[in-house]
Amino acid sequence: MFEFVPLPLIDDFLIKYNVGHAVFVLFALSLLGAIPLKSRKVLSLNAIMFGVLFMLVVSMGAPPHYAYLGVALLVIAPLLYTTASR
């Protein structure tokens, strides 16, 4: 009669995390996916995109330290792009 519904278990697990955590995990996974390409331009474009995304995430209710990470990425990534040879 009682069916196992995992939604409350998943909800209890995810309630501790916010959008900033999810974007940070996506950023880490995308960096790991771009490393085998051995292209600093791809890594820097990825960092620029996530820098902008981290700046926007703060407006959606994430803690302000994600904005600091976004600013750091937006400063460092263009420098990495301009010095990349391939």
Side-chain angles (χ1 to χ4, degrees):
M1 190 82 174
F2 293 103
E3 293 180 25
F4 179 70
V5 180
L7 290 178
L9 296 174
I10 295 170
D11 190 40
D12 290 340
F13 175 74
L14 292 177
I15 200 77
K16 296 179 272 188
Y17 303 106
N18 58 25
V19 177
H21 291 109
V23 172
F24 187 75
V25 168
L26 287 175
F27 176 59
L29 290 175
S30 69
L31 282 180
L32 288 175
I35 287 174
L37 297 176
K38 297 180 182 173
S39 172
R40 287 196 320 188
K41 285 191 176 189
V42 171
L43 284 173
S44 62
L45 289 173
N46 185 19
I48 290 170
M49 181 189 69
F50 274 99
V52 171
L53 194 58
F54 279 125
M55 295 293 290
L56 293 174
V57 162
V58 174
S59 67
M60 292 189 289
H65 59 270
Y66 290 108
Y68 300 138
L69 178 61
V71 169
L73 287 175
L74 287 175
V75 169
I76 294 170
L79 294 173
L80 181 64
Y81 186 82
T82 57
T83 60
S85 62
R86 55 180 180 141

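Along the sequence shown, residues carry numbers from 1.
- Within the structure, no pair that satisfies the side-chain hydrogen bond (donor to acceptor under 3.5 Å, both in side chains) test touches residues 49-64, not counting sequence neighbours.
- Distance CG/Leu45 to CZ/Arg40: 12.5 Å, rounded to 0.5 Å.
- In the hydrophobic clustering of ILVMFWY residues, with side-chain heavy atoms under 4.5 Å counting as a link, Leu80 and Leu31 come out apart.
- At a threshold of 4.5 Å between side-chain heavy atoms, the hydrophobic network of Ile, Leu, Val, Met, Phe, Trp and Tyr places Tyr68 and Val57 in two separate groups.
- A pairwise comparison of heavy atoms in Ala77 and Ser44 identifies O-CB, 3.4 Å as the closest pair.
- Every side chain to side chain contact (heavy atoms under 4.5 Å, CB included) that Leu56 has, sequence neighbours left out, goes to Val52.
- Nearest heavy atom pair, residue Ala62 against residue Asn18, reads CA-ND2, 4.2 Å.
- In the hydrophobic clustering of ILVMFWY residues, with side-chain heavy atoms under 4.5 Å counting as a link, Met49 and Leu69 come out together.
- In terms of hydrophobic clustering, with Ile, Leu, Val, Met, Phe, Trp and Tyr side chains grouped at heavy-atom distances under 4.5 Å, Val58 and Phe24 are assigned to a common cluster.
- Under the 4.5 Å side-chain criterion, counting only non-hydrogen atoms from C-beta, Val23 is not in contact with Tyr66.
- Side chains of Leu73 and Phe27 form a contact here, defined as non-hydrogen atoms less than 4.5 Å apart.
- With a 4.5 Å cut-off on side-chain heavy atoms, Phe50 and Leu26 count as touching.
- Distance check, rounded to the nearest 0.5 Å: NZ of Lys41 to CD1 of Ile48 gives 11.0 Å.
- When the ring pair (Phe, Tyr, Trp, His ring centres under 6.0 Å) test is applied to Tyr17, the partners found at least two apart in sequence or on another chain are Phe13, His21.
- Open room surrounds CD1 on Ile15; 12 or fewer heavy atoms of other groups in view lie less than 6.0 Å from it.
- Expressed to the nearest 0.5 Å, how far CG of Leu74 lies from CD1 of Ile76 amounts to 10.0 Å.
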